[in-house]
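Residues: numbered from 1 along the sequence shown. Keep in mind that this is a model prediction, so the values were computed, not measured. Both counts, for ligands and for their atoms, begin at 1 and track the order of listing.
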Amino acid sequence: MTKQKIINLPKIKDKRGNLSFIEGENHIPFEIKRVYWIYDVPGGEHRGGHAFIEQSEFIVALSGSFDIEIDNGKYIETYRMNRSYYGLFVPKGLWRQMKNFSTNSLALVIASTVFNASDYIRDYKEFKLLVDEK
Ligand code: TYD
């Protein structure tokens, strides 16, 4: 199973303001098929709580902060996302949860597939079975 990893993005520093960018198959290891974002998250809410069969993702905190928990079925690692010049690459097959969103946080998610509801594993027991089979 491929492991998740933090990827630092280019940062063009400028006294007029900084600029970062992402090119599919260059800064992130997949072709970009979809972009979505999560915003207006009420205090204390969690997002995610699922795994994907095929989809890989890259998640950036464009504004504010939040935590991403990655569970590979054996152990959980938590990543604090609070800068817009790095993101977390989340390969397929990992259970992920996003929590501790700050006020006005904005999570950008870049996905390797178009939306497909049947790509989701939303039952943790099913996820564990799939992981334990591997
Ligand atoms: P979901 O992926 O479960 O959100 P999160 O992982 O952030 O908690 O998606 C929530 C709902 O939005 C679900 O009904 C599917 C729908 N959705 C789309 O229709 N298209 C999309 O690209 C995404 C990401 C979600």
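In this structure, a donor-acceptor pair under 3.5 Å is absent between the side chains of Arg96 and Gln4.
Remark: Arg83 fails to qualify as a cation-pi partner of Tyr85 under the 6.0 Å distance and 45° angle criteria applied to the six-membered ring.
Under the side chain to side chain contact (heavy atoms under 4.5 Å, CB included) criterion, Asp67 pairs with Thr78, Arg80, Lys99, Asn100, not counting sequence neighbours.
Between the side chain of Ser63 and the backbone N or O of Ser105 there is no donor-acceptor pair closer than 3.5 Å.
By the criterion of side-chain heavy atoms lying less than 4.5 angstrom apart, applied directly or through intervening Ile, Leu, Val, Met, Phe, Trp or Tyr residues, Val60 is grouped together with Trp37 in one hydrophobic cluster. Hydrophobic clustering (ILVMFWY, side-chain heavy atoms < 4.5 Å, transitive): Phe52 and Leu108 are in distinct clusters.
Among protein residues, Arg34, Tyr36, Ile38, Arg47, Gly48, His50, Phe115, Tyr120, Arg122 come within 4.0 Å of ligand 1, judged on heavy atoms.
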